[in-house]
Engineer: 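Here it is, the structure in full.
Numbered from 1 within each chain, the chains take letters A, B, ... in sequence-line order.
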Amino acid sequence: MSNQTSVRREYTIGALACASIYVALTLGAKVAIREIEPHGALLIAMAIAPALAIIAFFFVFARYLARVDEYQRSRIVRALLIAIAGTLSASAIWDFLQAYGNVAPPEPFIFTCGFILLFGMAQGFLKVFERLRGAA
Amino acid sequence: MRNRLKVLRAERNWSQADLADKLDVSRQSVNAIETGKYDPSLPLAFKIAQLFGLPIEQIFSADEATQAAE
């Protein structure tokens, strides 16, 4: 197995682990908060528990970016920039609509989910764009 | 930027995957460099030159657009 293949494999395993832990913590926290009805520090700890999996994913992603080859890194960074620009644009528009247009505040997690979705779409879009230009 | 990577690779009967392994990059990177969609960094260009035992300028050269800009 080449080094780049093992880098991608480690990233996939790490990302899947983070996603699994995130789902488990999200569902676990929801059930635990409903059943135990905690207060104070315990409630805060349970509420932020799912975010820990997201923070862990950033470490997995940073490690991947540091080890992946420069061409792949440039593609990922371009996709990230597209996703950041799209998310911040939508957020800015919503902020102004909220401030001057009496629009309701966004649902929780909407921009986080939107960013992840845009990031995935941008990677796919860039791949298709490069294929159209002649690169595989 | 133009390059002779595909020719040099073919002369040695290496596949893109073989070359990618030797350079420790992905096959997609080799393909992108060969097709001129991606210009490698200086360290990677040196690594390529070292692998083929040639000076960088015998592998990479400025294309017409770059030369015209100069």
Engineer: Please state whether the side chain, the backbone, both or neither of B:P40 comes within less than 4.5 Å of a heavy atom of chain A.
Structural biologist: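 Its backbone and side chain both get close to chain A.
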
Engineer: Considering residues, nucleotides and ligands other than B:E11, do more than 12 of their heavy atoms fall under 6.0 Å from its CD?
Structural biologist: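 It does: B:E11 CD has more than 12 such atoms within range.
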
Engineer: Can you find a heavy atom in the side chain of A:E70 that is under 4.5 Å from one in the side chain of B:L44?
Structural biologist: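 Of all side-chain heavy-atom pairs linking B:L44 with A:E70, at least one is under 4.5 Å.
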
Engineer: Quick one: are A:E130 and B:K37 in side-chain contact, heavy atoms under 4.5 Å?
Structural biologist: no

Engineer: Can you confirm whether more than 12 heavy atoms, excluding those of B:Q50, are under 6.0 Å from its CD atom?
Structural biologist: no

Engineer: Indicate, with yes or no, if A:F57 and A:L80 share a hydrophobic cluster defined by side-chain heavy-atom contacts under 4.5 Å among Ile, Leu, Val, Met, Phe, Trp and Tyr.
Structural biologist: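 Yes; A:F57 is reachable from A:L80 via cluster members.
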
Engineer: State yes or no: do A:F109 and A:I48 share one hydrophobic cluster built from I, L, V, M, F, W and Y residues joined by side-chain heavy-atom distances below 4.5 Å, directly or via other members?
Structural biologist: no

Engineer: Any side-chain to backbone donor/acceptor pair from A:N3 onto B:D24? Under 3.5 Å, distance only.
Structural biologist: no

Engineer: How long is the straight-line distance from CG of B:N31 back to OH of A:Y71, given to the nearest 0.5 Å?
Structural biologist: 7.5 Å

Engineer: Taking a hydrophobic cluster as the set of Ile, Leu, Val, Met, Phe, Trp and Tyr residues connected by side-chain heavy atoms closer than 4.5 Å, whether directly or through intermediates, do A:V60 and A:Y64 fall within one such cluster?
Structural biologist: yes

Engineer: Nearest 0.5 Å, please: how far is OG in B:S26 from CZ in A:R75?
Structural biologist: 7.5 Å

